[in-house]
Number of protein chains: 2
Amino acid sequence: MSEAIEQAAPKAKRPTRAHRREEILAAATRVFGSKGYHQGSLVDVAAQVGITHAGVLHHFGSKDKLLWEVLEYRDRVDVQHLEGKHIPGGMDLFRHLVTTARLNADRRGIVQAYAVLTGESVTDGHPASTWVAHRFSVLRGEISQAVLALATERDVQLPDGEAERAANAVIAVMDGLQLQWLLDPDAVDLAEATRFSIESILTATLGSTVEITSA
Amino acid sequence: MSEAIEQAAPKAKRPTRAHRREEILAAATRVFGSKGYHQGSLVDVAAQVGITHAGVLHHFGSKDKLLWEVLEYRDRVDVQHLEGKHIPGGMDLFRHLVTTARLNADRRGIVQAYAVLTGESVTDGHPASTWVAHRFSVLRGEISQAVLALATERDVQLPDGEAERAANAVIAVMDGLQLQWLLDPDAVDLAEATRFSIESILTATLGSTVEITSA
DNA sequence: CCACACTTACTTACTGGTTAGTAAGCCCGT
DNA sequence: ACGGGCTTACTAACCAGTAAGTAAGTGTGG
């Protein structure tokens, strides 16, 4: 899917199609992140890679399609630091979530893009809404699975729907903390607050202290 | 502040200034909620009250000022169901938060407006960003105060900054749950999920079971 | 009590700006 | 020499804000 991203210096050759698309996706992530989808224009995106907005459309066809690829691009970046490509389960999943939060504290642009697009997605007919809804439902499934695994591991019998409630709370707290952190980075330590919140929810759900140790 | 809103049928007189402004604010809340601030136009707002966009500007001067008044309007609506106008402390505050969540489940428009504008506010130079940041800091203060009150009440010694961490988690979970609920109302029971999440955080923070009983 | 002065609540018409998308053509590398 | 990658040029739509005009109301002095 991504070959030939190297070749940085030698002669300023014409960029390959794949490389150019990657550049545009990175630029679009920055622009949509800092201005939102509707307010961020193709002209802005194009300017960042030194071409005109028609050049961007040449590669992506329409603004909507560009957004879709940006969202998929984020997914790719999100899991690229995992060794095995599969998402972990049980306690490893929560460790992964905290680790991601720690990494995110140094990737403001991506966090901002995610927050802005998620917020915008609740507007009527927004092109990102199905993507966000789908993402939530996938996360919900994975996290509630992990909660159930922990409960089984600790011989705890959970009331019906409790794992889903905990999963919703975990997702909510991560998104909410990102918002607060974006608006006032000094008020929230993203990684620490995420760890604290998830631990709290798991501890209360499982009825015994849960600690998430660093990876 | 609001006199002569009655007089429904008789002759279709000219609406008073106060009444007209109220109508426009309600319309703007709907429009900004369903389309966002940038994408929602003054023409949209004006059409909902049956005037032109210039008529809206006559009352509010500019789109930015209209937004500001919409945000203040939401604050007013938010606390109007409280008997005494002051915000409660201690356990009453958490009861209030859950009650508000329950009411919000039947006020989708307002929740949507809040979510959309909060999300948009993290974009660069957004007119709502200072309002949202201020709102967060006020909430943070009130909630951490309430957590401290509960801790004192139960003779619990909290580590330094623990009350603020809990407050951040509570705020985050409420915002995050609203997002999920807006995108998929069937996946989240707003009031129930809010109660569960806040109880979890408080229970874990205070080290003993906390239950939030209905008001 | 009523006419004249003034204010309020708009409308219509316009300005200057920005937008996504299209069409046609140019240039460079292969 | 040909095709991909791009530019220039354009369109049609939409935007917030301004200016000027109008009709309906309100207050007041005689």
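First the proteins, then the strands, lettered A, B, ... as listed; each starts at 1. Here the structure is a predicted model, which means the values were calculated and not measured.
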Taking only heavy atoms on the protein side, list every residue of residues 53-68 of chain B lying under 4.0 Å from any atom of DNA chain C, sorted numerically.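 Nucleic-acid contacts, sorted: B:Ala54, B:Gly55, B:His58, B:His59.
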
Of residues 27-51 of chain A, the positions that come close to DNA chain C - non-hydrogen atoms, cut-off under 4.0 Å: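 Contacts with DNA chain C under 4.0 Å: A:Gly40, A:Ser41, A:Leu42.
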
Partner residues of B:Phe94 under the ring pair (Phe, Tyr, Trp, His ring centres under 6.0 Å) criterion, sequence neighbours left out: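 Checked B:Phe94 against ring pair (Phe, Tyr, Trp, His ring centres under 6.0 Å); zero matches.
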
Using a 4.5 Å cut-off on heavy atoms from C-beta on, say whether the side chain of [Y] contacts that of [X].
X: B:Val138; Y: B:Arg135; result: no
X: A:Ser121; Y: B:Leu183; result: yes
X: B:Ile143; Y: B:Asn168; result: no
X: B:Val56; Y: B:Leu66; result: yes

Sorted by first residue and then second, give each salt bridge (Lys or Arg N to Asp or Glu O under 4.0 Å) pair with at least one member in [range]; sequence neighbours left out.
range: residues 183-196 of chain B; value: B:Glu192-B:Arg195, B:Arg195-B:Glu199
range: residues 60-70 of chain B; value: B:Arg21-B:Glu69
range: residues 28-56 of chain A; value: A:Lys35-A:Asp44

When the distance from CD of A:Glu23 to C1' of D:dG5 is rounded to whole Å, what number comes out?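 The distance from CD of A:Glu23 to C1' of D:dG5 comes to 13 Å, rounded to the nearest Å.
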
Please state how far atom CZ in A:Arg21 lies from atom C1' in D:dG4, giving the value in whole angstrom units.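 Whole-Å distance recorded here is 14 Å.
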
N or O in side chain of A:Arg17 less than 4.0 angstrom from D:dG4 OP1/OP2: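 No, no such contact exists.
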
Is there a side-chain contact between A:Arg20 and the phosphate of D:dG5, meaning an N or O under 4.0 Å from OP1 or OP2?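 No, because none of the side-chain N or O atoms of A:Arg20 sits under 4.0 Å from OP1 or OP2 of D:dG5.
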
